[in-house]
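Proteins get letters first, then strands, A, B, ... in listed order; numbering begins at 1 in each. Heavy atoms only: backbone and side chains are in, while hydrogens, waters and symmetry mates are out. The structure displayed is predicted, hence computed values, not measured ones.
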There are 2 protein chains.
Amino acid sequence: MKISFRGDYALKAILDLSLHYNKGLVRIQEIADRQDIPIKYLEQILLALKGAGYLNSQRGAKGGYYLAKEPKKIKLGEIIRLMEGPISPITCVSKSCYKRCNEETKCVFRPLWNKIRSLTEGVVDQVSFADMCRDYETKNKKKLDMYYI
Amino acid sequence: MKISFRGDYALKAILDLSLHYNKGLVRIQEIADRQDIPIKYLEQILLALKGAGYLNSQRGAKGGYYLAKEPKKIKLGEIIRLMEGPISPITCVSKSCYKRCNEETKCVFRPLWNKIRSLTEGVVDQVSFADMCRDYETKNKKKLDMYYI
DNA sequence: ACTAACCCTACCGACTAAGTAGTGTTTATA
DNA sequence: TATAAACACTACTTAGTCGGTAGGGTTAGT
C-alpha cells in the first residue's frame, strides 16, 4: 500500500471533522487552513467522501461539512481503500493475476503479498478516527515530540 | 509498498537465476521466455541488478548472466528497495516529512505508517531467494494449485 | 571474419497525480 | 429581495512515471 497526497488529505480531513464531531458545521476553508491543503483540491476530495456517505453538507451561506457517522465507526482502512484502491502490494486479484503469474514461476511470491496485505489490513482496519482523535489530544496535551524524527 | 511490473520482473529474474545457481550462464532470452518478460525491458533491469552487485555477466557469444551471491544471502527486501525505493506507505522520512505533517495534525498518523512499514519489512527482509527456490520446487513437485484462485 | 550475446542511450505513448480555473447553485441574512 | 457566502460540478493543465521500443556499440567464442 502507498498513501498518495489525495489519500493523506482525505485522512486529515476526516480527522479534522472528527475533532469537530457534533460541534456544528465546518467550512472547507477552515479544514484547508488547518490541515494545509489546497482548497480547490480539498473540495473535490470532500465531495468524494460525501458521495461515499462519510460526510454531509449544507450549502449556502453559513454552510459547511460535518461527519455523517460517528468517528469510532469509521476505520482508517475504509478511507484508504476509497481513495487508494485495494490494500495489496500487488494488483493481483483473481483474473488479473494470471497476467503476472505464468506457469513457470507459478506465482511463488503470492503468499508473501497476501501476508503483507493481511498484516497491513490488520492495522488500518482496526484503528478508528475516534482512536486518532484520542491520540491527537494526548499528544497535544503532553507536548510530545517523540513522533518527530 | 507497491510492487510495480519492474520490481515484479526483477524478483522473477533473480528467482530464475537462483534456480540456475552454479549451473552456468543464463541468457537474457531464456529468462525472458521462461518468465514472460519483454526482453529489451528485462535487459535494462538485469543491467541495474548487475550494477547493484547482484549479478555478473559474460559478454560475447556463449555469454550470459549468473548470480553474484548465494541465493540464501539475497533477501527479497533488498531487491524490492532497489527497484521500488523505500518500503513505507508514505514518503515521510525526516525532513521530507515536515512537508506533510504540519503543526495542526502533528502527524498523528505517523506511528501507523511506521507500524506498517516494520511489519512489511519483517516479511520481505526475512525471506531469501533460497527460500523462494524451496517453495517453488515444493510447489512444482506436489502440483499444488492452492495458491491459485 | 562472423555472429551471438551483453551494454548503453535515447526516445515514446499512455497514464496518473496533483493541482487550477471558472462557473454554477443554494441559502442565510440584512 | 439583493447580496454574499458557501458548496457543486466540470474542464483543463502540468509534470512526472511506467512500461516499454529502437537502435546501435562492444566483446568474445568459433
Side-chain angles (χ1 to χ4, degrees), chain A residues 1-13 16-17 24-33 35-52 54-68 80 82-86 89-91 96 99-100, chain B residues 1-13 16-17 24-33 35-52 54-68 80 82-86 89-91 96 99-100:
Chain A
M1 183 196 49
K2 187 202 129 219
I3 305 292
S4 66
F5 274 85
R6 183 177 159 83
D8 188 40
Y9 292 162
L11 292 172
K12 285 175 175 165
D16 193 285
L17 287 165
L25 299 168
V26 183
R27 278 173 301 121
I28 300 181
Q29 186 71 64
E30 294 178 57
I31 304 175
D33 290 346
Q35 307 301 334
D36 196 27
I37 302 171
I39 187 169
K40 295 297 279 179
Y41 196 34
L42 179 58
E43 206 179 292
Q44 295 174 33
I45 292 165
L46 293 182
L47 229 32
L49 290 169
K50 183 189 174 187
Y54 292 99
L55 309 181
N56 285 326
S57 63
Q58 189 180 319
R59 301 175 71 163
K62 302 272 178 186
Y65 279 95
Y66 59 98
L67 221 51
I80 292 172
L82 181 63
M83 307 310 281
E84 313 280 1
I90 206 160
T91 47
S96 59
K99 289 200 301 190
R100 285 202 179 193
Chain B
M1 181 195 50
K2 187 204 129 217
I3 305 293
S4 66
F5 273 84
R6 183 177 160 85
D8 188 41
Y9 291 163
L11 293 171
K12 285 175 175 166
D16 193 283
L17 287 164
L25 298 169
V26 183
R27 279 174 299 122
I28 300 180
Q29 185 70 65
E30 294 178 58
I31 303 175
D33 290 346
Q35 306 299 334
D36 196 27
I37 303 170
I39 186 168
K40 296 295 278 180
Y41 196 34
L42 179 58
E43 209 177 290
Q44 295 175 32
I45 292 165
L46 294 182
L47 231 31
L49 290 170
K50 183 190 173 185
Y54 291 98
L55 308 181
N56 285 327
S57 62
Q58 190 179 319
R59 302 175 68 162
K62 302 272 174 189
Y65 278 95
Y66 59 99
L67 222 51
I80 292 172
L82 181 63
M83 307 310 281
E84 314 279 2
I90 207 160
T91 48
S96 60
K99 288 200 303 191
R100 285 202 180 196

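- Using a 4.0 Å heavy-atom cutoff across all strands shown, B/Gly60 reaches at least one base atom of the nucleic acid.
- Looking at B/Asp16 and B/Lys12, no side-chain N of the basic residue comes within less than 4.0 Å of a carboxylate O on the acidic one, giving no salt bridge.
- Taking only side-chain nitrogens and oxygens, A/Arg59 never comes nearer than 4.0 Å to OP1 or OP2 of D/dA8.
- Residue contacts for B/Lys50: at a heavy-atom cut-off of 4.0 Å it reaches the sugar-phosphate backbone alone, with no base atom in range.
- In this structure, the CD1 atom of A/Ile31 is 12 Å from the C1' atom of D/dC7, given to the nearest Å.
- Taking both residues in full, the closest heavy atoms of A/Leu46 and A/Ala13 are given as CD2-CB, 3.8 Å, listed atom of the first, atom of the second, then distance.
- Atom CG of B/Asn56 and atom C1' of C/dC6 are 13 Å apart (whole Å).
- Checking side-chain atoms of A/Glu84 against main-chain N and O of A/Ser4 turns up a donor-acceptor pair under 3.5 Å.
- In this structure, CD of B/Glu30 is placed 9 Å from P of C/dA5, rounded to the nearest angstrom.
- The distance between atom CD1 of B/Ile28 and atom C1' of D/dT27, rounded to the nearest whole Å, is 14 Å.
- The side chain of B/Gln58 contributes no N or O atom lying less than 4.0 Å from OP1 or OP2 of C/dA4.
- Side chains of A/Ile3 and A/Met1 form a contact here, defined as non-hydrogen atoms less than 4.5 Å apart.
- Remark: side-chain polar atoms of A/Gln35 are not paired, donor with acceptor, to backbone N or O of A/Ala32 under 3.5 angstrom.
- Applying the 4.0 Å criterion to OP1 and OP2 of C/dC7, one finds that B/Tyr65 has a side-chain N or O inside that range.
- As a whole-Å value, the separation of B/Asp8 CG from D/dG19 P is 10 Å.
- Shown for residues 38-48 of chain A: residues whose heavy atoms fall under 4.0 angstrom of DNA chain C, namely A/Pro38, A/Lys40, A/Tyr41, A/Gln44.
- If you measure from atom OH of B/Tyr66 to atom C1' of C/dA5, you get 15 Å, rounded to the nearest angstrom.
- Across every non-hydrogen atom of A/Gly24 and A/Tyr66, the tightest pair is O-CB, 4.2 Å.
- Of the side-chain N and O atoms in A/Ser4, none sit less than 4.0 angstrom from OP1 or OP2 of C/dT16.
- In this structure, the CD atom of A/Gln29 is 9 Å from the P atom of D/dA6, given to the nearest Å.
- Looking at every heavy atom in both residues, B/Ala52 comes nearest to B/Leu82 through CB-CD2, 3.5 Å.
- Side-chain nitrogen and oxygen atoms of A/Tyr9 include none within less than 4.0 Å of the OP1 or OP2 phosphate oxygen of C/dA17.
- Residue B/Arg6 has no polar side-chain atom (N or O) positioned under 4.0 Å from OP1 or OP2 of D/dC18.
- Atom CZ of B/Phe5 is separated from atom P of D/dG19 by 6 Å (rounded to the nearest Å).
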